[in-house]
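Working notes, beginning with the structure itself.
Chain naming here is simple, since letters A, B, ... match the order of the sequence lines and numbering starts at 1 in each. Values below: every heavy atom of this structure, side chains too, minus hydrogens, waters and symmetry copies.
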Amino acid sequence: MSITNSEIASLFRKLADLLDIEGANPFRIRAYRQAALVIDTFPRSIADMVANGEDLSQLPGIGKDLAGKIQTIVKTGDFPTLDEVMERTPPVLTDLLQIPGLGPRKVELLYESLGVETLADLETALRNGRVAGLPGFGPKTVSNLLAELEKLRLKGPEKRLPIVEADPIAASLIRYLSAFEGVIKVQMAGSFRRRKETVGDLDIVAAARNGPGMIRYFCAFPDVRQVELRGVTRGTIILKSGLHVDLRVVGEKSYGTTLAYFTGARSHTISIRKLAVKNGWKLNEYGLFDAAGKSLAGADEQGLYKAFGMAWIPPELREMHGEMEAARSKNLPDLLPENAIKGDLRVASSVAPLSELANRAGALGYEWIGIADPFPSDRSGRKKLQTRNDRIDRFNAGGAAVHFFKTATIEIPLNGGLPDDSDLLTQLDYLCCYPANHAGSEGADPTESLIRTMDQAKALDLPVILLQLTGRQINAQGRLHVNLDAMAEHAAKLGHAIEICEQPDQLGVSDTQCQRLLQKGARLALASGAMSPTDLSMMKYAVWQARRGWAESRNVANCRHWKEVFR
DNA sequence: GCCGTTTTCGGCCCGACTGTTTTCAGTCG
């Protein structure tokens, strides 16, 4: 079984952490971290690229040296550089870095002077008073560390929150802050504004006449468990759910540069700052200034990007995945708007009666909905699906404003294809096919069976939507090893589509995978995957992820009139 | 360790806040 991108990235991160504790050249450490980030979010399998003999030093942030190290890791499974460092510095030390307030310098000091290696060592040293004597460790630090250790024991390491769950929390925070007297502007920033699939915390930026007052007001938010930090321009609270929320308040003239800065992503922000330095300018939260200190931009983001000869970049694209070049050459995508969605491609019939679904669809501005139920394997199941199909036909014949498609979800076994039931299959408008992903299929490659399925469906003149291609789960990597390039090219050739869906147990392709699929000419199908009426709103999050994947309306089947969805 | 139309050396983003200091280091974002 070949090594995954995230496994390679973890090795580099581990090395960077250990070098950090050793006090190595910080720029070298940054290079390893940067490479880890690039590898982690890269849409293709690095191991496959090595097998194909492709030149890895073409990847951003990866030069000749790192390309060679990656090759060694992929081919031999060994990482000699990491082994050497682990001989000098105990690898378990990186566990200590997860404690807020403990950075590499303090970890090094604890290890060198007290021999502290593990979390248990740390607790003992804190309790018997040996830590308190160290330079930089006062009584406050000791009690903070004990509190953090307790938190870690109770809750485990902080997990990232799905944006689906963060969305209502963000909305309530913005509602609360908008009610502050003296607020001029306030909005979400950070990874939430970039619509990342999961968020680690929430960042909010505001312009206000009374900054410190607004921070105090923020710290009094009803759902606060603890105020972590309360400064003049910045506050951090921890909600009862454990979620960290940051607020920065600046003057109106700095709102745009502050918003841009705290929207990130970090690599995107750094790259803009580098452009400023190159021009002899200075960019910080408070504005963009020339050498004489004259303000060139600050109040809004448009002005900031314009100063560099770029179009305004939508937050979803600010990930250093090619957006800077596209903005400079005026080639940014015209991102899929939420209101361009004309229908939902996969809704279970159990959600509601057709008439009620039609009402809900109308309220969402939809023209059509695809009704999807599991494809049956026995006689009674066939009968039920046929009855459902008849019901849909009768409803459509009634001339309602909303059209319903008949479809079914079909699990494609490894080494298999479509079920041998063309009578029933051809009663459907299209098929929703997903690769088998049971316990024990980790690392399996469903590419061949899915290609076969696409061919079989084409012979029956049936369009296919491919779901759950990589077996991804929130907070975990994909469990299937599908060749996405091959999927995209074959689907494009035959007129099939690939799904984006944000139901936690039915995840579609990720943002960077989406971007890659579009480059290969694939068409996207967005679905709520709804099993209940409120789930219909999950479409919003599919749109967000499609936007992160550079999707335009023309790439998305959902933007078409019902007669043309699969043309 | 990466990177480059001010290239093969010498740079590498920048500020807020805390806890520890008596002017600043470490951490964080």
Side-chain angles (χ1 to χ4, degrees), chain A residues 12 15-17 19-21 23-38 56-70 81 85 96-110 131-145 147-148 158 189-192 194 199-205 211-212 215 227-236 244-250 254 257-289 320:
Chain A
F12 279 164
L15 177 59
D17 283 348
L19 288 172
D20 215 348
I21 293 168
N25 177 353
F27 300 108
R28 183 179 170 219
I29 296 166
R30 181 196 292 174
Y32 282 120
R33 293 228 165 91
Q34 183 58 29
L37 191 68
V38 168
L56 297 178
S57 67
Q58 295 303 304
L59 304 194
I62 295 183
K64 226 174 159 175
D65 182 87
L66 286 180
K69 288 188 164 81
I70 296 171
T81 315
V85 175
L96 297 174
L97 290 175
Q98 66 179 313
I99 298 170
L102 264 197
R105 296 286 63 77
K106 289 203 160 106
V107 169
E108 182 190 29
L109 185 64
L110 287 168
V131 171
L134 295 177
F137 287 84
K140 187 83 192 201
T141 304
V142 169
S143 74
N144 283 350
L145 288 176
E148 291 295 346
E158 296 292 339
S191 50
F192 183 87
R194 301 200 312 278
V199 300
D201 60 9
L202 293 177
D203 290 294
I204 307 173
V205 168
I215 301 287
V227 175
E228 177 107 320
L229 170 165
R230 174 163 47 198
V232 176
T233 70
R234 185 180 157 190
T236 302
H244 285 61
V245 186
D246 268 10
L247 172 69
R248 335 266 162 157
V249 187
V250 292
S254 302
T257 35
T258 302
L259 183 61
Y261 181 57
F262 290 112
T263 295
R266 181 100 98 238
S267 52
H268 177 92
T269 308
I270 289 175
S271 139
I272 294 180
R273 288 206 166 173
K274 282 181 179 165
L275 279 182
V277 171
K278 208 164 122 190
N279 287 337
W281 302 338
K282 181 186 170 77
L283 174 60
N284 57 29
E285 291 95 305
Y286 301 107
L288 175 66
F289 306 95
M320 287 311 278

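Remark: A:D201 engages no residue in a salt bridge (Lys or Arg N to Asp or Glu O under 4.0 Å) (not counting sequence neighbours). Under the rule for a side chain to side chain contact (heavy atoms under 4.5 Å, CB included), the partners of A:V250 that lie at least two apart in sequence or sit in another chain are A:S254, A:T258, A:Y286. For A:E228, there are no salt bridge (Lys or Arg N to Asp or Glu O under 4.0 Å) partners at least two apart in sequence or on another chain.
Nearer to the 5' terminus of DNA chain B, by closest-nucleotide assignment, is the contact made by A:A31 (compared with the other of A:L97 and A:A31). Between A:L102 and A:T141, the residue anchored nearer the 5' end of DNA chain B, judged by the nucleotide with its closest heavy atom, is A:T141.
Using a 4.0 Å heavy-atom cutoff across all strands shown, A:I272 reaches no nucleic acid atom at all.
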Got a list of protein N/O to nucleotides 21-23 of chain B N/O distances below 3.5 Å?
none

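Atom P of B:dC13 sits at a distance of 26 Å from the matching atom of B:dT18, rounded to the whole Å. On the C1' atoms, B:dG11 is 12 Å away from B:dT6, given to the nearest whole Å. Spacing between B:dC12 and B:dG19 at atom C1', rounded to whole Å, works out to 29 Å. Spacing of P atoms, B:dC14 relative to B:dC9, comes out at 25 Å, to the nearest Å. Atom name C1', nucleotides B:dC3 and B:dT7: the rounded distance is 9 Å, in whole Å.
Searching all strands for a Watson-Crick or G-U wobble partner of B:dT8 with both distances below 3.5 Å returns nothing.
A distance of 7.5 Å separates NZ in A:K106 from CG in A:L145, rounded to the nearest 0.5 Å. Taking CG of A:L229 as the start and CG of A:L247 as the end, the distance is 11.0 Å to the nearest 0.5 Å.
The side chain of A:R105 lies closest to B:dG26 when the candidates are B:dC2, B:dT20, B:dG26.
B:dT21 adopts an anti glycosidic conformation, its chi angle falling more than 90° from 0.
Looking at A:R194, its side chain does come within 3.5 Å of a backbone N or O of A:T263 through a donor-acceptor pair. A donor-acceptor distance shorter than 3.5 angstrom exists from the side chain of A:T257 to the backbone of A:E285, with no hydrogens or angles considered.
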>> I'd like to know whether A:Y261 forms a side chain to side chain contact (heavy atoms under 4.5 Å, CB included) with A:V205, so could you lay out the CA-CA distance, the side-chain angles of the two residues, the decisive distance to 0.1 Å, and finally the verdict.
In response: CA-CA 10 Å; A:Y261 181 57; A:V205 168; over 6 Å; no
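Residue pairs satisfying the side chain to side chain donor-acceptor pair (under 3.5 Å) criterion with at least one member in residues 264-278 of chain A, sequence neighbours excluded, are listed as follows: A:H268-A:Y305, A:H268-A:E323.
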> If the sugar-phosphate is the primed atoms plus P, OP1 and OP2 and the base is the rest, what is the B/S/- string for nucleotides 8-18 of chain B, using protein heavy atoms under 4.0 Å?
Replying inline: ----BBBSSSS
